[in-house]
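Numbers restart at 1 for each chain; the letters A, B, ... are given by sequence-line order, proteins then strands. All values reported here derive from a predicted model rather than from experimental measurement.
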Amino acid sequence: MDYSSSWINTSLDLNINSHRVHQQLPKNVVENNFFSLEMKKSSPKEESSGALVEELKRVSAENKKLTGMLTEMCENYNTLRNNLMEYMRKNPDKESSPSKKRKSDEISSSNNNLMGGGEGGGVNGNNSESSSSDEDQSCKKPMELETCIKAKVSRVYYKQESSDSSLIVKDGYQWRKYGQKVTRDNPSPRAYFKCSFAPSCTVKKKVQRSVEDPSVVVATYEGEHNHPHPSQMESTSSGTNNRCRNPISSAVPSSAPSTVTIDWTKSKCSNESSSKKMMINNPKMEVPQILVEQMATSLTKDLNFRAALAAAISGKMLHQS
Amino acid sequence: KDESIDELEEELKRVTAENKKLVEMLSVVCENYNTLRSHLM
């Protein structure tokens, strides 16, 4: 209600002529005065309601502005995230650590939750549908990237005595055991190792006895070493570290899920002891024996020779099977 | 008039709370955006 039009001049004219003093005030003046008194009582309420209305209008406008800004920020965020995903897809090698990736996924999911949950109170809730579809896409993309990373997996089969339950496979690298687990599909436990050069070297190894053949131990390698093989570094060693069983061919990681190599060598301890016995008993054979050993170590260090030998052996096995 | 004023006050409270929530959401989104941007860089 607008009372401004009905505003009446309530100023009292005190310039009274002498002849007017004794006159009675007209009725309309009396009524106007009475009305003005009532108006004064109700004007604070009107003022407060007016102020409330103004405040409400102001806050609503601010709300609208904030909503606009929020939708714009979310759009920018989604654009940036898509750009990041594309970049990571193009450059998988230069990818960041998995922990940061998970963090970005959490951030995106929290953003989508904010958009979906916080807009039920009265603000436009149209963004919830688009955010949910974006979330699905974002969930799929990191999984694809992880599978690309995990594709560098190789398997190596080692011969091990059934009595030996240590699950320690000596492949020339040094490992640290960080876990052991019994799986449902295999009664023998599975041991988890990581390279001793961790965290710089991210290679992990899982060792488990084969279900089909208990004398065979399967070692699954994930990742690539970013350091040379210790046997290559130790060129002058007399064979103390070569006690370890090197597979005939090195497990070459590839984009395929797994490559299989077989190590049919017996434990080197027994071989060394037998070779030492040979040397003690036959000193005349010492020199050629040393040469033979040197040839053997140099050939085993040669990766190409190992690969060729593995191919030949696998070819023979296929013929036999 | 009293009722209308009460209604107005309630509406104002509701809108103010909504406003506050929007501000918080906006700050969170900004933080996340900055984090992602630094991650991309």
What part of B:Glu9 is in contact with chain A, defined as an atom under 4.5 angstrom from a non-hydrogen atom: side chain, backbone, both or neither?
both

Output for pair (B:Met25 CE, A:Leu66 CG), nearest 0.5 Å, gives 10.0 Å

Out of curiosity, B:Glu18 CD to A:Asn63 CG, how far, rounded to the nearest 0.5 Å?
5.0 Å

Any chance you could measure B:Met41, atom CE, to A:Leu84, atom CG, to the nearest 0.5 Å?
10.5 Å

Take atom NZ of A:Lys194 as the centre, draw a 6.0 Å sphere, and report whether it contains more than 12 heavy atoms from other residues, nucleotides or ligands.
no

Contact summary for A:Ser49 and B:Ile5, nearest pair of heavy atoms:
CB-CG1, 3.8 Å

Heavy atoms only: give me the nearest A:Tyr77-B:Leu36 pair and the separation to one decimal.
CE1-CD2, 3.6 Å

Within a reach of under 6.0 Å around NZ of A:Lys177, are more than 12 heavy atoms found that belong to other residues, nucleotides or ligands?
yes

For the atom pair CG (B:Leu12) and CD (A:Glu54), what is the distance rounded to the nearest 0.5 Å?
12.0 Å

Closest non-hydrogen contact found for B:Val29 with A:Leu70 is CG2-CD1, 4.0 Å

Rounded to the nearest 0.5 Å, what separation is found between the CG atom of B:Leu22 and the NZ atom of A:Lys65?
13.5 Å

